[in-house]
**Student:** 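Pasting in a structure now, in structure tokens, and then I'll have a few things to ask.
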Amino acid sequence: MKIVIDTAKIVEVGPRDGLQNEKVTIPTQAKIDYITALGDAGLRVIEAGAFVSPKWVPQMADSAEVYRNIPKDPGVEYPVLVPNEKGLDRALDAGVTSIAIFTAASETFNKRNINMSIDESFTNYAPVAARARAEGIRVRGYVSTAFGCPYEGDVAPEKVLEVVARLLDLGCYEVSVGDTIGVGTPMQVQGVIGVLLQVVPTSRLAMHFHDTYGQALANLYAGMEEGARVIDSAAGGLGGCPYAPGATGNVATEEVVYMLEGMGIATGVDMPKLVSATNEISKLIARSPVSRVATAINSKRRAEKR
Ligand code: HMG
Ligand code: MG
């Protein structure tokens with residue numbers, strides 16, 4: 001039987017994943033303006049930063065200042081990454097109401113990214129999640145390298161399921177499975193998502209696909225056919241993880257919006273405003289947006305001006 005795909009939720013990760021690997025220091029006010037512009041464009045969940053060690057990810061060093069100064073839209077959720085209790089302390093101090101904890105399905109990547117084994121990460125996150133939830137803070141989870149590891153290669157779907165289940169046990173309202181290095185392909189995605197959805201409710205599973213090999217949009221569609229409905233994306237297709245060599249940007253939000261709207265799924269996102277937000281941040285990092293949709297819309301705008 002053909003599955004009817006009629007809903008989807010977008011989680012915008014541009015201000016965090018999109019910027020974390022950029023070498024040029026982006027001014028704090030520009031990050032605030034970017035997050036504000038994304039909210040104005042209609043995005044309802046916007047990852048606003050990361051309370052990680054500034055020694056490990058210097059670009060996110062000003063996340064507290066960014067967070068404090070975003071003009072908060074009551075209809076928007078602004079999660080931030082938190083790697084440990086120190087990060088939680090800083091997040092609580094900044095008034096954060098939603099956090100994301102992050103681990104991986106492969107040991108080597110986890111060690112490189114957070115300097116912990118998978119088991120150690122759960123020992124580390126148990127008090128983080130418990131304290132956050134006691135404070136009424138929503139906790140999201142990430143499982144990196146769910147479709148392949150830059151150090152170990154193939155990753156078993158059963159391992160992904162085990163880590164997802166452990167994050168749900170910590171009380172995560174949603175767990176996002178990441179193709180950190182963008183190596184997955186559609187049939188593989190259907191296999192992994194299919195295994196996960198036998199156990200995990202549809203509403204609690206998100207897909208986080210980097211587009212290194214140009215498969216992200218096809219992979220998302222494949223995941224949606226299996227039943228997944230939550231999509232992480234980054235405006236302009238920005239992104240990358242400093243500890244995932246060879247990984248490029250996330251699937252671009254404008255490409256996801258274009259595809260979903262074409263499928264008759266209302267996203268509530270204003271495409272011209274989204275592309276304008278993308279153009280502004282692209283100027284700061286001195287690169288044109290990589291997405292085909294932004295390129296097409298920008299060419300059209302230039303042609304109309306002539
Ligand atoms: P460590 O070096 O093992 O820990 O790092 P430590 O406790 O020894 O701390 C080292 C220093 O950092 C100390 O400072 C700490 O105080 C400080 P010093 O004493 O040397 O002056 N520190 C902190 N400072 C501020 N905030 C904190 C914090 N914690 C320690 N929270 C640690 C361990 C987890 C901290 C480190 O490895 C880290 O921050 N890792 C984060 C890496 C990261 O952000 N990666 C990118 C995000 S994940 C991602 O992109 C994947 C995702 O998009 C999904 C996907 O695509 O798959 C989510
Ligand atoms: Mg990522």
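As the structure lists them, so they are numbered: ligands from 1, and atoms in each ligand from 1.
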**Student:** Can you find a protein heavy atom closer to atom 13 (C) of ligand 1 than 4.0 Å?
**Tutor:** no
**Student:** Could you list which atoms of ligand 1 come closer than 4.0 Å to a heavy atom of L81?
**Tutor:** 47 (C)
**Student:** Could you measure the distance from the CG atom of D40 to the CG atom of L274? Nearest 0.5 Å is fine.
**Tutor:** 11.5 Å
**Student:** Specify whether the nearest protein heavy atom to atom 8 (O) of ligand 1 is under 4.0 angstrom away.
**Tutor:** no
**Student:** Can you give me the OD2-the Mg ion (ligand 2)-NE2 angle for D17 and H210, to 10°?
**Tutor:** 100°
**Student:** With atoms numbered from 1 as shown, which atoms in ligand 1 lie under 4.0 angstrom from a non-hydrogen atom of G87?
**Tutor:** 31 (N)
**Student:** Just wondering, is there an N, O or S atom on H208 that's nearer than 2.8 Å to the Mg ion (ligand 2)?
**Tutor:** yes
**Student:** Between the candidates E47, K55, K86, which shows the shortest non-hydrogen contact distance to atom 15 (C) of ligand 1?
**Tutor:** K86
**Student:** Look at the aromatic rings of F102 and Y125 and report parallel, tilted or perpendicular, splitting at 30° and 60°.
**Tutor:** tilted
**Student:** Relative to atom 31 (N) of ligand 1, which among W56, Y243, F51 owns the nearest non-hydrogen atom?
**Tutor:** F51
**Student:** Roughly how far, to the nearest 0.5 Å, is the CG atom of D211 from the OG atom of S233?
**Tutor:** 11.5 Å
**Student:** When you measure from the heavy atoms of R16 to every atom of ligand 1, does any distance fall below 4.0 Å?
**Tutor:** yes
**Student:** Is there a heavy atom of A50 sitting under 4.0 angstrom from any atom of ligand 1?
**Tutor:** no
**Student:** What protein heavy atom sits nearest atom 24 (N) of ligand 1, and how far off is it?
**Tutor:** P54 CD, 3.5 Å
**Student:** With atoms numbered from 1 as shown, which atoms in ligand 1 lie under 4.0 angstrom from a non-hydrogen atom of D17?
**Tutor:** 53 (O)
**Student:** Compare V143, N113, T180, V128 and give the one whose heavy atom is closest to atom 45 (N) of ligand 1.
**Tutor:** N113
**Student:** Side chains of I101 and T103: does their closest heavy-atom pair fall under 4.5 Å?
**Tutor:** no
**Student:** Do R68 and D93 have side chains that approach each other closer than 4.5 Å (heavy atoms only, starting at C-beta)?
**Tutor:** yes
**Student:** Using a 4.0 Å heavy-atom cut-off, say whether V13 meets ligand 1 through its side chain, its backbone, both or neither.
**Tutor:** neither
**Student:** Under 3.5 Å, N or O to N or O, is Y142 touching ligand 1 that way?
**Tutor:** no
**Student:** Can you pull out the closest protein heavy atom to atom 29 (N) of ligand 1? Residue, atom name and distance to 0.1 Å, please.
**Tutor:** N84 ND2, 2.9 Å
**Student:** Counting from 1, what ligand 1 atoms have a heavy atom of H210 closer than 4.0 Å?
**Tutor:** 56 (O)
**Student:** Out of G178, S144, S121, whose heavy atom sits nearest atom 54 (C) of ligand 1?
**Tutor:** S144
**Student:** How long is the straight-line distance from CD1 of I114 back to CH2 of W56, given to the nearest 0.5 Å?
**Tutor:** 9.0 Å
**Student:** With a 4.5 Å cut-off on side-chain heavy atoms, are V275 and R301 touching?
**Tutor:** yes
**Student:** Under 6.0 Å from the six-membered ring centre of Y67 and within 45° of its axis: does the NZ or CZ of K72 meet both?
**Tutor:** yes
**Student:** Do the side chains of E255 and L220 get nearer than 4.5 Å, heavy atoms only?
**Tutor:** no
**Student:** Report, in ascending order of atom number, the atoms of ligand 1 lying under 4.0 Å from any heavy atom of P83.
**Tutor:** 31 (N), 34 (C)
**Student:** Not counting sequence neighbours, list each pair that qualifies as a salt bridge (charged side-chain N to carboxylate O under 4.0 Å, His left out) and has a residue in residues 102-116.
**Tutor:** none
**Student:** Supply the atom-to-atom distance E12 CD to D17 CG, rounded to the nearest 0.5 angstrom.
**Tutor:** 10.0 Å
**Student:** Counting only heavy atoms closer than 4.0 Å, does ligand 1 sit against the backbone of V57, its side chain, both, or neither?
**Tutor:** side chain
**Student:** Got the closest protein heavy atom to atom 34 (C) of ligand 1, with its distance?
**Tutor:** I114 O, 3.6 Å
**Student:** With rounding to the nearest 0.5 Å, note down the distance linking CD in E47 to CD1 in I35.
**Tutor:** 10.0 Å
**Student:** Could you grab the distance from atom CE of M271 to atom OG1 of T253, nearest 0.5 Å is fine?
**Tutor:** 9.5 Å
**Student:** When you measure from atom 25 (C) of ligand 1 to every protein heavy atom, which one gives the shortest distance, and what is it?
**Tutor:** R90 NH1, 3.3 Å
**Student:** Considering non-hydrogen atoms of the protein only, which is the closest contact for atom 3 (O) of ligand 1, and what is the distance?
**Tutor:** N115 ND2, 2.7 Å
**Student:** Does this structure show an ion pair linking E162 with R166, if we count only N-O contacts that are shorter than 4.0 Å?
**Tutor:** yes
**Student:** Return the closest protein heavy atom for atom 10 (C) of ligand 1 as residue, atom name and distance.
**Tutor:** S53 OG, 4.6 Å
**Student:** I need the nearest protein heavy-atom contact for atom 47 (C) of ligand 1: residue, atom name and distance, please.
**Tutor:** Q20 OE1, 3.4 Å
